[in-house]
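Here the structure is laid out as structure tokens; the discussion comes afterwards.
Below, read A as the first sequence line, B as the second, and so on, with proteins coming before strands; counting in each chain starts at 1.
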2 protein chains.
Amino acid sequence: MATTTLERAYSIGKVSEATGCKVETIRFYEQIGLLPEPERTEGKQRRYLASHIDRLRFILHARDLGFSVEAVRELLKLAADPSAPCEQADEIARAQLAAVRAKIARLMDLAEELERVADGCHGGRIADCRVIEVLAEHGACSHGGARYDDGR
Amino acid sequence: MATTTLERAYSIGKVSEATGCKVETIRFYEQIGLLPEPERTEGKQRRYLASHIDRLRFILHARDLGFSVEAVRELLKLAADPSAPCEQADEIARAQLAAVRAKIARLMDLAEELERVADGCHGGRIADCRVIEVLAEHGACSHGGARYDDGR
DNA sequence: CATAATTCCTCTAGTAACTACAGGTTCAAG
DNA sequence: CTTGAACCTGTAGTTACTAGAGGAATTATG
């Protein structure tokens, strides 16, 4: 069958070095189907081609931008078909952008409150510590309202 | 022994209602030691006092501000001793603030790149889709450099 | 008061996206 | 041919919950 030349193919360690992705993570991506199974040596060790490295870099870059593994899976599927319309890819990217913006907004609110909290505190006793005090107050914030997904 | 009057104590469902925290989460917080075990009815159902609700609100507020469960545990310990100096509480809050600011910075970078990515894409074909293209390029970004903790 | 509906109980497993072993092979260098 | 490094599989741990099974207790209704 299509046994590619294993000479000049990369071991998993080399791929790790080349991409900065941990060995375990590479195996993990294979396990969840993001990376295709590479050829193996007779002793069952993985041997990768340059195409695997390209694909892995794509994955890493997307993950780095905060795309979920599922989103990456979609993007890879789309990338595989160059003649398809790119609406979907666009949509995924825009959804991600919206999510990132939402997280930023939420975190800015947090930062503001934390600043207030931390600023009141300069080496006194717990008894009059702003940090504890503010956390104990429930007036300002949502509980009990409904809880919502927090952006951590 | 010190069996408090269970009349006028709240069921777990009431506590959930009062705080907006799910029943399962309340039990979970007990399990990991954030909430003390409440009294039980003869039939082993939990009955909470107002103090439990206060403590739970403290926890929820802190979690809402992004403090980790471990940080919350620390804060609760500190809050229990009003005569202790408040340096530690201060430190925890400042660390949290720094973490939040770091996440914001990182997410702003992401948003910027995502904007560039999404803006180039207006209903063409995948073959010349910016989204896919940018992800496939590895020049601009860190791989392979070392990976670092991403702020998701 | 009897029954039905609701709430509660414990325990286990699942989520995301990896990371970290343990215990054993295989490979490449000397 | 013998090390020692790199590799293998498989399982369990991480964070902070969430969801479900299967059954008991409580509360509401007739």
Side-chain angles (χ1 to χ4, degrees), chain A residues 6-35 37-48 56 59-74 96 99 103 146-152, chain B residues 6-35 37-48 52 56 59-74 76 96 99 103 146-152:
Chain A
L6 291 187
E7 351 288 298
R8 143 180 40 147
Y10 309 90
S11 73
I12 199 168
K14 296 293 170 194
V15 173
S16 173
E17 250 177 67
T19 59
C21 180
K22 294 193 179 171
V23 166
E24 294 87 353
T25 307
I26 298 172
R27 283 197 285 251
F28 172 71
Y29 284 156
E30 178 184 326
Q31 193 189 303
I32 64 173
L34 286 193
L35 276 177
E37 297 183 23
E39 303 266 343
R40 302 272 187 139
T41 63
E42 267 183 38
K44 306 289 177 194
Q45 297 198 355
R46 292 167 177 83
R47 284 304 118 102
Y48 295 92
L56 179 54
I59 294 166
L60 292 173
H61 193 179
R63 292 284 306 122
D64 221 46
L65 283 174
F67 289 96
S68 72
V69 162
E70 278 321 300
V72 175
R73 203 189 295 281
E74 282 303 304
Q96 180 58 21
K103 274 183 196 169
R147 298 211 72 202
Y148 45 94
D149 183 289
D150 52 347
R152 250 165 305 113
Chain B
L6 291 189
E7 351 290 299
R8 145 182 38 149
Y10 309 89
S11 73
I12 198 167
K14 296 293 172 198
V15 173
S16 173
E17 251 177 66
T19 60
C21 181
K22 293 192 180 174
V23 165
E24 294 86 354
T25 306
I26 298 173
R27 283 196 284 251
F28 172 72
Y29 285 155
E30 179 185 325
Q31 192 190 305
I32 64 173
L34 286 193
L35 277 177
E37 297 183 22
E39 304 266 342
R40 302 272 187 142
T41 62
E42 268 183 37
K44 305 292 178 192
Q45 297 199 355
R46 294 168 177 82
R47 285 302 118 102
Y48 294 93
H52 287 104
L56 180 53
I59 294 167
L60 293 174
H61 193 178
R63 292 284 308 121
D64 222 44
L65 282 173
F67 288 96
S68 71
V69 162
E70 277 323 299
V72 176
R73 203 189 296 281
E74 283 303 304
L76 282 167
Q96 180 58 21
K103 272 183 199 172
R147 297 211 71 200
Y148 46 93
D149 184 289
D150 53 347
R152 252 164 306 115

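- Among D:dC17, D:dA19, D:dT27, the nucleotide with an atom closest to any side-chain atom of B:E24 is D:dA19.
- A salt bridge links A:R73 with A:E70: at least one charged nitrogen is closer than 4.0 Å to a carboxylate oxygen.
- Among the atoms of the strands shown, only primed sugar atoms or phosphate atoms (P, OP1, OP2) are found under 4.0 Å from some heavy atom of B:R46.
- Put simply, A:Y29 has no side-chain N or O that comes within less than 4.0 Å of OP1 or OP2 on C:dA17.
- Of all non-hydrogen atoms in B:A62 and B:V72, the two that sit nearest each other are CB-CG2, 3.8 Å.
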task = Could you walk me through whether B:R46 and B:R27 pass the side chain to side chain contact (heavy atoms under 4.5 Å, CB included) test, one step at a time?
result = CA-CA 10 Å; B:R46 294 168 177 82; B:R27 283 196 284 251; 3.5 Å; yes

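- Taking atom CZ of residue A:R47 and atom C1' of nucleotide C:dA28, one finds them 10 Å apart after rounding to whole Å.
- Considering only the side chain of B:I12, C:dC9 comes nearest among D:dT9, C:dA17, C:dC9.
- Note: CD (A:Q45) to C1' (C:dA28) measures 10 Å, nearest angstrom.
- Between D:dC7 and A:S11, a contact under 4.0 Å exists linking OP1 or OP2 to a side-chain N or O.
- Under the 3.5 Å distance criterion, the side-chain polar atoms of A:Q96 are matched with a main-chain donor or acceptor of A:G66.
- Among the nucleotides D:dC8, D:dC17, C:dA17, the one closest to any side-chain atom of A:F28 is C:dA17.
- In this entry the distance linking CD1 of B:I32 with P of D:dT14 reads 13 Å, nearest Å.
- C:dC18 atom C1' lies 9 Å from atom CZ of A:R63, rounded to whole Å.
- Note on A:R40: a side-chain N or O is less than 4.0 Å away from OP1 or OP2 of D:dT9.
- Atom-to-atom, CD1 of A:I26 to P of C:dT19 comes out at 11 Å; the value is rounded to the nearest Å.
- Between A:Q31 and B:S68, the one whose closest nucleotide on DNA chain D sits nearer the 5' end is A:Q31.
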message = Working note: B:Y48 + B:L56, criterion side chain to side chain contact (heavy atoms under 4.5 Å, CB included); need CA distance, chi angles, decisive distance, verdict.
response = CA-CA 11 Å; B:Y48 294 93; B:L56 180 53; over 6 Å; no

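- Rounded to an integer number of Å, the gap from A:K14 NZ to D:dA6 P is 9 Å.
- Between B:E30 atom CD and D:dC17 atom P the separation is 15 Å, expressed in whole Å.
- Taking only side-chain atoms of A:V23, from C-beta outward, the nucleotide of D:dT26, D:dA16, D:dC7 with the closest atom is D:dC7.
- The phosphate of C:dA20 (OP1 or OP2) has a side-chain N or O of A:K22 nearer than 4.0 angstrom.
- Phosphate contact (OP1/OP2 of C:dT19, side-chain N/O of A:T25, threshold under 4.0 Å): present.
- Here D:dA6 presents its P atom at 13 Å from CZ of A:R27, a figure rounded to the nearest Å.
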